[in-house]
Amino acid sequence: MIRFVNVNKWFKDLHVLQDINLEVAQGEVVVVCGPSGSGKSTLIRTANQLEQINSGEIWVNGENIVSPKVDINKVRADVGFVFQHFNLYPHLSVLENVTLAPIKVRKTDPQLAREQGVALLQKVGLAHKKDAYPSQLSGGQQQRVAIARGLAMQPKIMLFDEPTSALDPEMIGEVLKVMKDLAESGMTMMCVTHEMGFAREVADRVVFLEQGRVVEQAPPAEFFSAPKSERARQFLQQVL
Ligand code: ADP
Ligand code: MG
């Protein structure tokens with residue numbers, strides 16, 4: 001579903017992504033971890049062109065999205081993105097946040113979009129909050145709405161960039177639970193997270209990034225019990 005081929009990116013003279021080769025298969029859950037500043041956000045943002053790359057190819061669902069010929073809006077419709085800061089529209093209700101893109105971009109019939117929206121809110125446990133406004137919700141609830149909003153476009157892939165790191169500790173579990181359910185439903189997912197419990201339990205593969213390079217990637221059991229690099233060992237000592 002996603003394939004990075006020799007991807008390089010610079011911010012001025014900072015070589016932030018260095019020869020990245022990485023694949024995410026259909027239905028696979030890949031967790032990306034690594035120290036702060038290692039390029040995790042930049043990497044995941046390139047997968048739906050929130051960041052441009054300088055060289056290489058990024059294939060998403062059979063299309064090279066860095067080709068000038070590609071319709072990036074179509075690519076983005078297939079790739080949901082959940083940010084650390086939920087970025088809900090404050091002046092729209094929960095349900096309106098979820099139905100906006102399907103109605104405006106996918107041209108879904110508004111009544112149908114609302115029915116589908118309520119069903120998605122049910123999935124994340126928030127149907128009863130459909131008429132509330134974001135400011136009336138806790139951080140964990142807002143993030144669950146953001147996930148429902150991402151799913152409303154019926155994406156083939158979901159990308160997550162530290163979806164729980166802005167949350168109070170007691171709200172992390174409810175968001176991880178929604179992500180776990182989504183993984184179990186077969187969604188292809190690429191998640192930047194420091195929640196190593198989630199990685200251990202849900203990920204098919206863990207990718208460790210350092211200074212813009214994929215230093216190692218392995219199934220969680222292998223990565224956590226026997227990291228190959230000294231840097232990954234140090235990283236795990238800090239986060240576990
Ligand atoms: P991570 O998500 O792993 O913390 P990022 O991908 O955010 O890392 O950043 C990787 C490196 O790129 C950092 O050194 C960061 O300061 C730098 N960086 C990120 N975004 C920009 C930008 N828009 N302009 C210049 N440098 C950036
Ligand atoms: Mg980041």
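All ligand and atom numbering here is 1-based and tracks the order in the structure. Heads up: numbering here begins at 1 and tracks the sequence.
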Is_contact(atom 11 (C) of ligand 1), protein non-hydrogen, under 4.0 Å: yes
Ionic contact status for Glu174 with Lys177, cut-off 4.0 Å: no
Part of Val192 within contact of ligand 1 (heavy atoms, under 4.0 Å): neither
Sub-4.0 Å heavy-atom contact, Gly212 with ligand 1: no
Cluster link Val105 to Met158, ILVMFWY, side chain under 4.5 Å: no
Sub-4.0 Å protein heavy atom next to atom 16 (O) of ligand 1: no
Structural part of Val16 in contact with ligand 1, heavy atom criterion under 4.0 angstrom: side chain
Asn97 side, atom CG; Leu88 side, atom CG - distance, nearest 0.5 Å: 5.0 Å
Nearest protein heavy atom with distance in Å, relative to atom 27 (C) of ligand 1: Phe11 CD1, 3.2 Å
Min N/O separation Glu51 to ligand 1 under 3.5 Å: no
Ligand 1 N/O within reach of Gly39 N/O, cut-off under 3.5 Å: yes
Any Ser38 heavy atom less than 4.0 Å from ligand 1: yes
Glu51 and Thr42 side chains, donor-acceptor separation under 3.5 Å: no
Under 2.8 Å: N/O/S of Ser41 next to the Mg ion (ligand 2): yes
